[in-house]
Number of protein chains: 2
Amino acid sequence: MDQTTRIVRAFEDAGYQTTPSRRLMAELVAGSRGHFSAADLQDRARQRRAKVGRATVFRALELLTSLRVVERLDLPNRSHAYVLCDPDEHHHHLVCSRCGRSVDVADGELARLVDEIGRRNGYRIETHRLELFGICPLCAGAGTGAAVAADREGPA
Amino acid sequence: MDQTTRIVRAFEDAGYQTTPSRRLMAELVAGSRGHFSAADLQDRARQRRAKVGRATVFRALELLTSLRVVERLDLPNRSHAYVLCDPDEHHHHLVCSRCGRSVDVADGELARLVDEIGRRNGYRIETHRLELFGICPLCAGAGTGAAVAADREGPA
DNA sequence: AGGCAGATGATACCAGGTCTCATCTGCGAG
DNA sequence: CTCGCAGATGAGACCTGGTATCATCTGCCT
Ligand SMILES: [Zn+2]
Ligand SMILES: [Zn+2]
Ligand SMILES: [Zn+2]
Ligand SMILES: [Zn+2]
């Protein structure tokens, strides 16, 4: 089962209808390298001569976020992006500041640390966000910066 | 030296002019409990019958952010806020989801953890963001939720 | 096959933030 | 002390990302 199917399945399992736009969103999200914005998706939809309303894109992203199929990142440059990720386990993201590729990072020791911080300050901690930004191995190697443009979409 | 003076001083030390609006911004920021938005500051300025342009508020916040006198938070509800903090040492924030009060949290073991994550994934990590959200001791005690409104501004 | 809950796209709207520009002023040189 | 100008300001246009509304359409269960 490929990534696209998995996403479509996520919609179904959560009781949402399977519609053409949702299938398209699934494909576009699955075919993304690195992170993407709502606008990116809509552009890519247009490139395929498919028309999707802006609202629909946002609605799909909202759903996928709630299903934890994608996660919303707050980039250091104060913009946002979404990134495909593993719905099954709490984790964080290590994101390449150049090409946007991201790897999931297990929470590991962090949970303990977070817990302790809460205890020390008398807060009952509800959620936490950890985001790591840096240069990925590929970009470090190639160095040209061209990777950004090159990897907007490609085979999974 | 009180908080307001410290902020004005930060402007001066960085070579920026000391103007009425900046002094006002310093007072408003210093007089904030918990986090605040640009709009909050402008409202509070208006309440004092002082007129400050919206752009000026943003410009001041931008400066203060670059001077690390305030830090920009990305709240879980996908809105933003600024919070006064210690410019002298890298740290993170533990923020009350009810009243917005925040405490600085030393980086501690996190630096090591971040480092290791970078190494394991072959990324050269440049920056990281950790934000913790929960209920502060005061709100846990009072429980009413009234704290939100009650603490918008007050003596430092 | 039929009906309707749910989904869609267009469009208006909103918040938060940035840009431009004409005007004003803090402050260091003299 | 006063003068001049770099730097700061406010007004308002503009932009981006996201939400709300609403009339229309369609997936899907019966
Ligand atoms: Zn990269
Ligand atoms: Zn975690
Ligand atoms: Zn609180
Ligand atoms: Zn840190």
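Below, read A as the first sequence line, B as the second, and so on, with proteins coming before strands; counting in each chain starts at 1.
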Next item on the list: Figure out the NZ/P separation between A/Lys51 and C/dA10, and round it to whole Å.
Entry: 7 Å
Next item on the list: Under 4.0 Å between any heavy atoms, over every strand shown, what does A/Tyr82 touch: base, sugar-phosphate, or nothing? Just pick one.
Entry: sugar-phosphate
Checklist line | Nearest atoms (heavy-atom pairs only) where B/Glu89 meets B/His91 | finding: O-ND1, 2.6 Å
Note to self: Applying salt bridge (Lys or Arg N to Asp or Glu O under 4.0 Å) to A/Glu27 and A/Arg22, what does each step give before you reach the verdict?
What the structure shows: CA-CA 9 Å; A/Glu27 281 172 38; A/Arg22 284 192 186 143; over 6 Å; no
Check: Using rotation axes that map the C1' atoms of four end pairs onto the next four (five pairs an end), what angle separates the end axes of the helix from C/dA1-D/dT30 to C/dG30-D/dC1, to 10°?
Finding: 30°
Next item on the list: Report yes if a side-chain nitrogen or oxygen of B/Thr56 is closer than 4.0 Å to either non-bridging phosphate oxygen (OP1 or OP2) of D/dT9; otherwise report no.
Entry: no
Checklist line | Taking every non-hydrogen atom, the tightest pair across A/Ala26 and A/Val8 | finding: CB-CG2, 3.8 Å
Item checked: Residue whose nearest DNA chain D nucleotide is more 5′ - B/Arg22 or A/Leu61 -> B/Arg22
Next item on the list: In whole angstrom, give the distance that lies between atom CG of A/Leu63 and atom P of C/dG6.
Entry: 13 Å
Checklist line | Atom pair distance, as rounded to whole Å: CG in B/Leu64 and P in C/dG17 | finding: 14 Å
Check: Between A/Glu126 and B/Ser97, does a side-chain hydrogen bond (donor to acceptor under 3.5 Å, both in side chains) hold up when you go through it step by step?
Finding: CA-CA 9 Å; A/Glu126 294 170 333; B/Ser97 352; 2.7 Å; yes
Checklist line | For atom CG of B/Leu75 and atom P of C/dG16, their distance in whole Å | finding: 11 Å
Note to self: Run B/Asp74 and A/Arg78 through salt bridge (Lys or Arg N to Asp or Glu O under 4.0 Å) and show every step you take.
What the structure shows: CA-CA 9 Å; B/Asp74 296 291; A/Arg78 63 173 50 178; over 6 Å; no
Next item on the list: Evaluate the side-chain proximity of A/Phe36 to A/Leu61: yes if any heavy-atom separation is below 4.5 Å, no if none is.
Entry: yes
Next item on the list: Name the nucleic acid region contacted by A/Arg23, choosing base, sugar-phosphate or nothing; use a 4.0 angstrom heavy-atom cut-off, strictly under.
Entry: nothing
Next item on the list: Applying ring-ring contact (aromatic ring centres under 6.0 Å, His included), name anything that partners B/His90, two or more places apart in sequence or on another chain.
Entry: B/His92, B/His128
Check: How long is the line joining CG of A/Leu24 and P of C/dA7, in whole Å?
Finding: 17 Å
Notebook entry, point to check: Rounded to whole angstrom units, what separation is found between the CE atom of B/Met25 and the C1' atom of D/dT9?
Noted result: 12 Å
Item checked: Nearest-angstrom distance from the residue atom CG of A/Asp74 to C1' of C/dG16 -> 14 Å
Note to self: Please report the distance, rounded to the nearest Å, between CG in A/Asp40 and C1' in D/dG17.
What the structure shows: 12 Å
Notebook entry, point to check: What pair of heavy atoms forms the shortest contact from A/Leu84 to A/Ala30, and how long is it?
Noted result: CD2-CA, 4.3 Å
Note to self: salt bridge (Lys or Arg N to Asp or Glu O under 4.0 Å) for B/Arg120 and B/Glu116? Distances and angles first, verdict last.
What the structure shows: CA-CA 6 Å; B/Arg120 265 208 294 265; B/Glu116 192 185 316; 2.5 Å; yes
Checklist line | Where protein sits on nucleotides 18-30 of chain C, one letter per nucleotide: B base, S sugar-phosphate only, - none, heavy atoms under 4.0 Å | finding: BBB-----SS---
